[in-house]
Amino acid sequence: FEALGSVRGSLSPGALVRCEAVAFGALTQLGEFPVSESGQWGPASLPLMEVEEYLFSLSGDLSAIQVRKPLAEVTSRLFINFEAVSGHTVPLLISGPGGPLEGAEATVHWKREGSWQSVGGAADEGGLARPRGVPSGNVYARVHHVGHVSRMIGPFEVSPEMEAVEVEL
């Protein structure tokens, strides 16, 4: 099937529309598609799979409500539109007993218009994860790394001037 659409509101260079397939709670990324300066994206050719739903989201320094399309609603051509606002990077400094945890996964969660939204990122060699595209306001973060007990923190406030939030696993 084909998917295409537009992004209205805030635009930033390098914005991407991400499509993922959801089956048994697991996400499989199917692709990321560039958003033009005019706000248009696609058409993108996507495989029709035996999944519960397809999840479309913005990737980059923008925030928008994720769009979920159950398999039963998928037609040969889907129009997926987003209303974007400026988003922020949420710096999370993740460490364990031995110091920074490179590769630790961090997922930031927030509620928008009654629906939970999330975006994630992996920590670099210094233990810093930088999930992008998070709106201002209160959020939660789930952090995990192989061999450590996962941790949920929050709520905490996201703002353009925020300092790194330290998380010890």
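Along the sequence shown, residues are numbered consecutively beginning with 1.
Under the 4.5 Å side-chain criterion, counting only non-hydrogen atoms from C-beta, Val35 is in contact with Val17. Using a 4.5 Å cut-off on side-chain heavy atoms (C-beta onward), Leu93 and Val165 make no contact. At least one side-chain heavy atom of Ser150 sits less than 4.5 Å from a side-chain heavy atom of Arg142. Between Glu168 and Arg151, the closest side-chain pair of non-hydrogen atoms falls below 4.5 Å. Residues Val85 and Leu62 form no side-chain contact, since every pair of their non-hydrogen atoms from C-beta on lies 4.5 Å or further apart. For the pair Leu30/Met49, a side-chain contact is recorded, criterion being any heavy-atom separation below 4.5 Å from C-beta on. Residues Val134 and Val90 are in side-chain contact: their nearest non-hydrogen atoms beyond the backbone lie under 4.5 Å apart. Considering only heavy atoms from C-beta on, Leu48 comes within 4.5 Å of Leu71 through its side chain.
Going from atom CD of Glu102 over to atom CG of Asp124 covers 7.5 Å, rounded to the nearest 0.5 Å. With rounding to the nearest 0.5 Å, the separation of OG in Ser95 from NE2 in His148 is 9.0 Å. Here the straight-line distance linking atom OG1 of Thr89 with atom CZ of Arg132 works out to 6.0 Å at 0.5 Å rounding. Atom CG in Leu128 sits 8.0 Å away from atom CG in Leu92 (nearest 0.5 Å).
Listed by chain and residue number, nothing satisfies the side chain to side chain donor-acceptor pair (under 3.5 Å) test with Glu52 (two or more places apart in sequence, or in another chain). Judged as a ring-ring contact (aromatic ring centres under 6.0 Å, His included), and not counting sequence neighbours, Phe82 has no contacts. Under the side-chain contact (heavy atoms from CB on, under 4.5 Å) criterion, Phe79 pairs with Leu4, Arg77, sequence neighbours left out. Ser159 pairs by the side-chain contact (heavy atoms from CB on, under 4.5 Å) definition with Glu161, Met162, not counting sequence neighbours.
Of all the heavy atoms in Ser118 and His109, the pair that sits closest is CB-ND1, 3.5 Å. The nearest pair of heavy atoms linking His88 to Pro160 is CE1-CG, 3.4 Å. Closest approach of Gln117 to Ala64, counting heavy atoms only: OE1-O, 3.7 Å. Scanning all heavy atoms of the two residues, the minimum distance from Ser6 to Asn81 falls at N-OD1, 2.9 Å. The shortest heavy-atom contact between Pro70 and Glu53 is CA-CB, 3.8 Å. For Gly133 against Trp110, the heavy-atom pair with the smallest separation is O-CH2, 4.0 Å.
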### Query
Does the pair Glu83 and Arg8 meet the rule for a salt bridge (charged side-chain N to carboxylate O under 4.0 Å, His left out), with working shown?
CA-CA 5 Å; Glu83 191 66 43; Arg8 293 183 296 274; 3.5 Å; yes
### Task
Apply side-chain contact (heavy atoms from CB on, under 4.5 Å) to Leu58 and Val7, showing your working.
CA-CA 9 Å; Leu58 282 181; Val7 177; 3.8 Å; yes
### Task
Please test Val139 against Phe156 for side-chain contact (heavy atoms from CB on, under 4.5 Å), starting from the C-alpha separation and ending with a verdict.
CA-CA 6 Å; Val139 301; Phe156 60 92; 3.6 Å; yes
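Within a 6.0 Å sphere centred on CD of Glu50, heavy atoms belonging to other residues, nucleotides or ligands number 12 at most. For CD of Glu163, the number of neighbouring non-hydrogen atoms (other residues, nucleotides, ligands) closer than 6.0 Å is 12 at most. With a 6.0 Å radius and a threshold of 12 heavy atoms from other residues, nucleotides or ligands, Glu2 has its CD atom above the threshold.
Val143 and Val158 fall within the same hydrophobic cluster, defined by Ile, Leu, Val, Met, Phe, Trp and Tyr side-chain heavy atoms under 4.5 Å apart, directly or through other members. By the criterion of side-chain heavy atoms lying less than 4.5 angstrom apart, applied directly or through intervening Ile, Leu, Val, Met, Phe, Trp or Tyr residues, Met152 is grouped together with Trp116 in one hydrophobic cluster. One hydrophobic cluster, built from ILVMFWY side chains closer than 4.5 Å, holds both Val108 and Leu169. Val22 and Phe33 fall into different hydrophobic clusters, defined by Ile, Leu, Val, Met, Phe, Trp and Tyr side-chain heavy atoms under 4.5 Å apart, directly or through other members.
Within the structure, the salt bridge (charged side-chain N to carboxylate O under 4.0 Å, His left out) test picks out the following pairs touching residues 11-30 (sequence neighbours left out): Arg18-Glu32.
Aromatic pair Phe1/Tyr54: ring centres closer than 6.0 Å.
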Donor-acceptor contacts, no H, no angles, side chain residues 36-46, under 3.5 Å, sequence neighbours left out:
from	atom 1	to	atom 2	distance (Å)
Ser36	OG	Ser38	N	3.4
Ser36	OG	Ser38	OG	2.9
Ser36	OG	Gln40	N	3.2
Ser36	OG	Gln40	O	3.2
Trp41	NE1	Ile80	O	3.1

